[in-house]
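Numbers for residues simply follow the sequence, beginning at 1. Just the heavy atoms: all of them, side chains too, but no hydrogens, waters or symmetry mates, feed the values below.
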Amino acid sequence: RHYTALTELLERDAPREAAALAAQAYRRFGSPYLARRAMYLYQLAGDAAATRAFLAQLTDAQRSALAQDADFLYQRALFELADGRPAAALADARAALRLQPDDVEYRALVVWSLIALRDAPALRSALRAWAGAAAGETGLWAPFAAGWLALQEPAQALRYLRRKVKATDDPLWWLNYADALEQMGAADAAWRVRRHAWLELAREARTADGPRLREIDTRRVALALALAFEPSDRARERMFALMHARRSAAGVDGPAREAALGHWLARAASEVADAWLLATYANALERPAWARLSVALANDDRAEVQTLL
């Protein structure tokens with residue numbers, strides 16, 4: 001109890017020290033809560049290397065005990081997916097789901113892991129098995145929409161995209177909705193939705209205190225995580241162009257990736273959907289010609305919009 005109180009006192013100003021204290025307490029007392037606390041605090045500090053070290057140092061007995069804790073398995077699966085190990089993430093997410101079969105967050109993470117793995121048969125099976133529950137569960141709308149899009153079934157994806165766009169003001173989801181409409185042959189409807197989304201993004205770009213602009217640097221770093229979903233060649237080129245300033249000769253530099261891992265995991269599962277959106281719309285937050293784009297949108301000039309995008 002004293003260790004927990006101390007970690008809470010240190011969490012805001014010294015999360016790395018709080019994490020080390022939680023890890024020490026876990027090794028002494030063996031509480032799964034303390035293991036989860038240590039992982040969370042290391043991630044809050046943006047220290048993915050320390051998270052890896054903590055997990056690597058677990059004994060066989062500790063691993064066996066933690067394998068019975070669904071929340072720990074889920075938290076480790078989130079880290080593994082962010083760390084570029086979707087197969088390990090899937091194994092842990094499925095293990096957590098076996099312990100708590102109806103948990104929505106665990107089901108969502110299974111779907112995200114299958115999308116990252118490109119396991120089409122297993123993905124289709126999961127989407128069909130949980131379709132009844134997904135209709136009324138907001139936490140499943142994003143992964144189900146992404147899953148059906150990955151299977152190239154926009155009609156199925158639209159069922160969840162319609163629900164998602166009604167529940168969020170994020171223009172990137174509206175762009176996704178527009179893409180699915182276009183794939184279904186509804187070009188005019190897709191244009192109207194896309195125009196609405198870009199007008200909203202343009203408005204945010206002109207607003208100094210817009211929340212999306214406040215997070216733009218973090219989102220740029222988080223593009224490293226979006227690579228877990230390996231988007232199209234064109235999208236990958238856009239993402240690498242955005243990350244150019246943070247790249248070394250070997251690719252995305254270490255500090256950028258570590259910061260991205262910490263940011264994603266500290267904010268938990270919602271960031272999985274954010275990373276997938278970034279993989280799809282990597283350059284949506286950094287348009288060099290917002291003024292021209294705004295004029296083109298106002299004039300309903302589709303050709304000019306296409307050129308600018």
Side-chain angles (χ1 to χ4, degrees), residues 67-82 86-170 172-186 189-190 193 226 228-231 264 267-281:
Q68 302 306 311
D69 187 272
D71 288 338
F72 174 83
L73 292 170
Y74 172 71
Q75 192 171 352
R76 187 170 64 181
L78 277 173
F79 177 77
E80 289 161 340
L81 184 59
L90 177 62
D92 272 344
R94 280 176 165 167
L97 198 57
R98 283 193 291 272
L99 295 172
Q100 296 183 22
D102 297 323
D103 191 280
V104 172
E105 289 186 330
Y106 302 168
R107 288 183 177 184
L109 190 53
V110 167
V111 174
W112 287 123
S113 300
L114 289 170
I115 293 170
L117 280 170
R118 280 157 192 72
D119 188 338
L123 176 59
R124 188 181 300 276
S125 176
L127 294 176
R128 286 177 172 170
W130 299 330
E137 290 288 355
T138 58
L140 292 177
W141 295 345
F144 268 57
W148 285 116
L149 286 173
L151 294 172
Q152 299 182 340
E153 295 199 27
Q156 293 282 1
L158 280 170
R159 296 169 56 194
Y160 303 101
L161 284 169
R162 289 191 182 100
R163 294 181 172 93
K164 185 65 179 177
V165 297
K166 288 179 180 178
T168 181
D169 59 357
D170 191 334
L172 295 185
W173 278 111
W174 285 91
L175 289 176
N176 209 279
Y177 181 43
D179 288 348
L181 286 171
E182 194 165 56
Q183 290 177 44
M184 290 293 296
V193 173
F229 296 105
E230 291 183 18
W264 190 15
R267 291 175 59 182
S270 64
E271 291 299 296
V272 185
D274 199 35
W276 179 78
L277 279 172
L278 283 165
T280 309
Y281 302 105

How far apart are the closest heavy atoms of A116 and P86, and which atoms are they? CB-CB, 3.9 Å
Over all atoms of both residues, closest heavy-atom pair of L117 and A87: CD2-N, 3.8 Å
Nearest atoms (heavy-atom pairs only) where W130 meets L97: CZ2-CD2, 3.4 Å
Check side chain to side chain contact (heavy atoms under 4.5 Å, CB included) between D71 and all other residues, then give those that pass, not counting sequence neighbours. R36, D69, Y106
Any side chain to side chain donor-acceptor pair (under 3.5 Å) pairs touching residues 87-99, not counting sequence neighbours? R76-D92
For A189, all residues meeting side chain to side chain contact (heavy atoms under 4.5 Å, CB included), sequence neighbours excluded: L181, A186, R192
Nearest heavy-atom pair of A93 and A77: which atoms, and what distance? N-CB, 3.9 Å
Which atom of Y74 lies closest to which atom of E105, heavy atoms considered: CE1-O, 3.7 Å
Donor-acceptor check, side chain of R163 to backbone of R159, threshold 3.5 angstrom: yes or no? yes
Let me know which of V110, L109, V111 forms a side chain to side chain contact (heavy atoms under 4.5 Å, CB included) with S113. L109
To the nearest 0.5 Å, atom CG of L90 lies from atom CG of L114 at 5.0 Å
Side chain to side chain contact (heavy atoms under 4.5 Å, CB included) involving A129 - partner list, sequence neighbours excluded: none
Is any side-chain heavy atom of P121 less than 4.5 Å from a side-chain heavy atom of D119? yes
Shortest non-hydrogen contact between L73 and A67, atoms and distance: CD1-O, 3.4 Å
I'd like to check the side chain to side chain contact (heavy atoms under 4.5 Å, CB included) partners of A88; sequence neighbours left out, ordered by chain and number. E80, R85
Result block: side-chain N/O donor-acceptor pairs under 3.5 angstrom for residues 132-154, not counting sequence neighbours:
{"residue": "W141", "atom": "NE1", "partner": "A134", "partner atom": "O", "Å": "3.0"}
{"residue": "W141", "atom": "NE1", "partner": "A135", "partner atom": "O", "Å": "3.3"}
{"residue": "W141", "atom": "NE1", "partner": "E137", "partner atom": "O", "Å": "3.3"}
{"residue": "E153", "atom": "OE2", "partner": "R124", "partner atom": "NH1", "Å": "2.3"}
{"residue": "E153", "atom": "OE2", "partner": "R124", "partner atom": "NH2", "Å": "3.4"}

In this structure, CG of L123 is separated from CH2 of W112 (nearest 0.5 Å) by 10.5 Å
